[in-house]
Amino acid sequence: MRRAALCLLWLAPLALAQSGFRVRIYHLNPPSSLTLTPQPSVHWKTCLKCAELTLGSPLIITVDHGRLRIPGASPAEMMFISGAYQLSGFQHPLLRSSFPLEIRADGQTLRLVLTMPLEEYVAAVLAAESAGPQPAQSLQAMAIAARTFAVRFRGRHSAEGFDFCDTTHCQDFHLSAITPEIRAAVEATEGELLWFQGRPAGTYYHQNCGGETADAADVWPGQRLPYLREHPDPYCVRAAGSKWQSTLDKSQIATALAAAGLRFPARWESFVISSRSPSGRVLELQFAGPQSDQVRTSASSFRFAVDRSLGWNQIRSDWYDLRDSGTQLTFTGRGSGHGVGLCQAGAAEMGREGKRARDILAFYYPGTGLGLTAQGLDWQFEGSERLEIVTTEPREDSAIAPAAESALRWAEQASGLQLDARPRLKIYPSLDVYRNSTGAPGWMAAFTYGSTIRLQPVALLRSRGILDSTLRHEFLHLLVEEHARPGLPLWFREGLVLYLSDPNAAAGRTAGNFDPLAADAALRLPAGRESAEQAYRASRDEIARLVQQNGKAAVLGWLARPAPFLLSRAGAP
Ligand SMILES: [Zn+2]
Ligand SMILES: [Zn+2]
């Protein structure tokens with residue numbers, strides 16, 4: 001087999017395992033025990049090179065002295081899980097997922113990290129951050145803001161072994177609440193980012209600015225960005241609901257400040273507002289009382305401390321007046337959130353008034369540019385009878401339609417299968433854009449996720465002489481996935497695609513001692529590129545052997561009606 005072709009043609013599972021965004025779930029409230037319920041079966045192992053096991057019934061995972069306790073297995077440092085599953089725990093909402101999951105012991109609790117594609121992450125962020133019905137254009141603006149934020153700040157938790165937490169510290173996240181409207185907004189803007197001076201912008205956003213956005217430097221000293229300045233917002237004030245009031249006991253406040261580790265005098269009687277920003281937001285508070293030592297604290301640290309301890313809606317913003325009534329303090333304010341960047345209430349109002357996503361982003365991040373690249377390229381939709389072509393350079397790329405259609409016909413002929421779906425061919429304008437917006441590494445020529453084939457620039461693939469083979473390979477994937485019965489092992493599907501791509505390729509050294517369990521595991525959660533390559537080669541050789549023994553028609557027939565050994569050997573249900 002031609003090595004060059006093999007290592008350039010991975011599909012989604014491998015792309016995901018090696019390049020997905022790592023999101024820690026249950027970050028604020030990590031569980032100490034968890035029930036993992038397969039839907040209907042999952043695979044797991046306790047180290048990257050360990051043998052994979054299959055789980056067909058619920059498993060309760062606990063933690064003890066920094067090690068995972070897994071019934072029927074020895075204590076482990078970590079656990080890798082793949083397949084579709086459901087998680088639940090004491091005081092932890094039920095979560096359904098089919099993204100690879102890593103569980104590690106972290107003191108007396110479990111640390112859970114999901115690996116997911118960027119666009120799936122953006123959809124889950126929107127599900128949490130944009131609750132309630134919204135105009136399509138403001139949802140699209142939010143999708144672009146959330147995606148740009150993710151690309152710019154990826155790895156902000158890298159010292160802890162993941163990219164993002166699932167709280168508003170990074171972006172709030174709700175995997176189980178993705179609506180069709182959110183999917184549509186994410187898809188319509190796929191890969192689009194907001195740029196400033198050649199770099200993805202810092203696209204902060206908040207719920208409601210109260211009528212005037214905040215300067216980033218007032219909230220985070222040192223963050224001086226020209227597109228995050230204070231300016232009036234006539235839109236959110238037209239929508240109701242920006243005023244709020246909250247009354248708190250001083251003793252509750254003292255407890256919250258202590259829990260957050262903020263410096264405050266041992267004896268204080270009240271607070272006074274000691275400085276405000278030009279918009280009127282409180283910048284600093286000063287403790288008052290005979291022994292308060294004139295200690296000051298920043299309003300945002302104060303708000304975070306109180307909200308973390310007493311609930312996130314107690315002090316909704318830094319824009320308020322204070323009234324002291326003895327044992328209590330009353331806050332009367334407007335807006336919700338830090339006020340920096342996009343105001344979601346204002347964006348929704350702009351959408352209702354007919355503004356486009358592009359206008360909304362230009363209003364809240366003035367001076368930035370929208371596009372797939374810093375040069376502002378946009379997706380254009382072209383099509384032929386059998387497929388949709390999405391590209392930034394329709395003049396050049398629409399010429400690929402005949403080649404793509406003939407690759408599709410070739411794949412249908414080689415497999416004897418018919419494609420019912422109208423696939424989408426998405427062609428990226430440069431290797432950088434392909435890497436940034438898909439998360440796929442540069443050595444992966446293309447990959448298929450759902451019914452969309454994502455492709456590196458046509459000129460690049462053509463110059464390497466792999467354009468046609470890449471297209472044929474990806475169409476074979478679509479055909480095999482469309483016709484494969486659920487539960488068929490991954491090695492069978494992958495091996496079949498590779499075999500059909502080039503039935504005459506010479507067999508490798510692996511023929512004869514094939515281990516389906518190991519191959520399936522290495523394809524699903526590869527320990528590295530090399531072991532994945534080996535597994536692809538071995539799976540392909542095994543298909544070649546099966547074809548020699550049973551005939552090609554019989555092996556293809558197993559897609560719809562698997563031979564019994566296929567459902568038992570790789571541990572499928
Ligand atoms: Zn975070
Ligand atoms: Zn606003």
Side-chain angles (χ1 to χ4, degrees), residues 122 125-150 152-153 168-172 182 185 189 193-194 196 201-220 223 225-244 276-283 299-300 303-304 307 312-313 315-320 332-368 370:
V122 172
V125 167
L126 251 59
E129 299 271 9
S130 305
Q134 279 230 26
Q137 292 294 320
S138 59
L139 261 185
Q140 288 184 18
M142 260 305 289
I144 293 163
R147 181 182 301 112
T148 307
F149 190 95
R152 168 144 178 161
F153 296 113
T168 49
H169 168 262
C170 289
Q171 301 191 85
D172 207 355
I182 287 173
T189 60
L193 303 175
L194 214 57
F196 184 74
T203 45
Y204 296 93
Y205 55 87
H206 58 277
Q207 272 180 23
N208 188 320
C209 74
E212 180 114 18
T213 67
D215 195 305
D218 287 341
V219 181
W220 306 289
Q223 274 274 28
L225 292 166
Y227 52 89
L228 296 177
R229 292 267 170 77
E230 186 174 311
H231 66 81
D233 181 352
Y235 297 102
C236 61
V237 288
R238 293 214 269 276
S242 76
K243 302 253 167 71
W244 54 269
R276 289 184 188 265
S277 73
S279 67
R281 287 186 174 80
V282 179
L283 293 176
S300 56
R303 175 163 58 89
F304 277 121
D307 283 356
W312 289 101
N313 261 340
I315 301 181
R316 294 192 194 174
S317 74
D318 292 335
W319 201 346
Y320 51 77
T332 308
R334 58 203 288 192
S336 182
H338 51 56
V340 178
L342 182 143
C343 163
Q344 289 183 279
E349 182 58 27
M350 287 181 85
R352 278 190 287 274
E353 294 179 19
K355 302 280 195 298
R356 296 172 306 163
R358 175 180 291 279
D359 307 326
I360 296 172
L361 294 165
F363 179 72
Y364 288 110
Y365 308 107
T368 58
L370 173 63

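Partner of T148 under the side chain to side chain contact (heavy atoms under 4.5 Å, CB included) criterion, out of L361, T368, L194: L194 alone. Partner D218 forms a side chain to side chain contact (heavy atoms under 4.5 Å, CB included) with one of R281, R276, E230 and no other, that one being E230.
For Y204 and Q223, the side-chain atoms include at least one donor-acceptor pair closer than 3.5 Å. Under the 3.5 Å distance criterion, with hydrogens and angles disregarded, a donor-acceptor pair is assigned to the side chains of T189 and R147. Side-chain contact of Q344 with Y364: a donor-acceptor pair under 3.5 Å is absent, judged by distance alone.
Under the 6.0 Å cut-off for aromatic ring centres, Y235 and F363 qualify, their centroids lying closer than that.
Ring geometry, H338 versus W220: the interplanar angle exceeds 60°, so the pair is classed perpendicular (tilted spans 30 to 60°).
I144 places a side-chain heavy atom less than 4.5 Å from the side chain of L370. Using a 4.5 Å cut-off on side-chain heavy atoms (C-beta onward), W319 and E212 make contact. By the 4.5 Å heavy-atom criterion applied to side chains, I182 and S130 are not counted as neighbours. Counting heavy atoms from C-beta outward, M350 and R356 have side chains that stay 4.5 Å or more apart.
In this structure, CG in D172 is found 11.5 Å from CG in L126, a value given to the nearest 0.5 Å. A distance of 4.0 Å separates SG of C209 from CG of D233, quoted to the nearest 0.5 Å. Here OG of S138 is found 12.5 Å from CG of D359. Values are rounded to the nearest 0.5 Å. For the atom pair Q134 CD and Q140 CD, the distance stands at 11.5 Å (nearest 0.5 Å). Taking CZ from R334 and OG from S279, the interatomic distance works out to 9.0 Å, rounded to the nearest 0.5 Å. Taken to the nearest 0.5 Å, the CZ atom of F196 stands 14.0 Å off from the OH atom of Y365.
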Going through the checks in order, is the side-chain contact (heavy atoms from CB on, under 4.5 Å) test met by W244 and I315?
CA-CA 9 Å; W244 54 269; I315 301 181; 3.9 Å; yes

For K355 and E349, run salt bridge (charged side-chain N to carboxylate O under 4.0 Å, His left out): C-alpha distance rounded to whole Å, both residues' side-chain angles, the deciding distance at 0.1 Å, then the answer.
CA-CA 9 Å; K355 302 280 195 298; E349 182 58 27; over 6 Å; no

Given side-chain contact (heavy atoms from CB on, under 4.5 Å), test S277 with D215 step by step and report yes or no.
CA-CA 9 Å; S277 73; D215 195 305; over 6 Å; no

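The heavy-atom pair separating S317 from G337 by the smallest distance is CB-O, 3.6 Å. Residues C343 and C236 come closest through the heavy atom pair SG-CB, 3.6 Å. L342 approaches A141 most closely through the heavy-atom pair CD1-CB, 4.4 Å. Here the closest heavy-atom approach between residue A143 and residue V122 is recorded as O-CG1, 3.7 Å. Residues P232 and P234 share a closest heavy-atom pair of O-CD, 3.7 Å. For the residue pair G341 and T213, the shortest heavy atom distance occurs at O-CG2, 4.0 Å.
The local environment of CD in Q207 is sparse, with at most 12 non-hydrogen atoms from other residues, nucleotides or ligands closer than 6.0 Å. For F304, the CZ atom counts as loosely surrounded, since its 6.0 Å shell holds 12 or fewer non-hydrogen atoms of other residues, nucleotides or ligands.
With H206 contributing its side chain and S336 its backbone, the two residues share no donor-acceptor pair below 3.5 Å. Panel note: side chain T203, backbone A145; a donor-acceptor pair is recorded below 3.5 Å.
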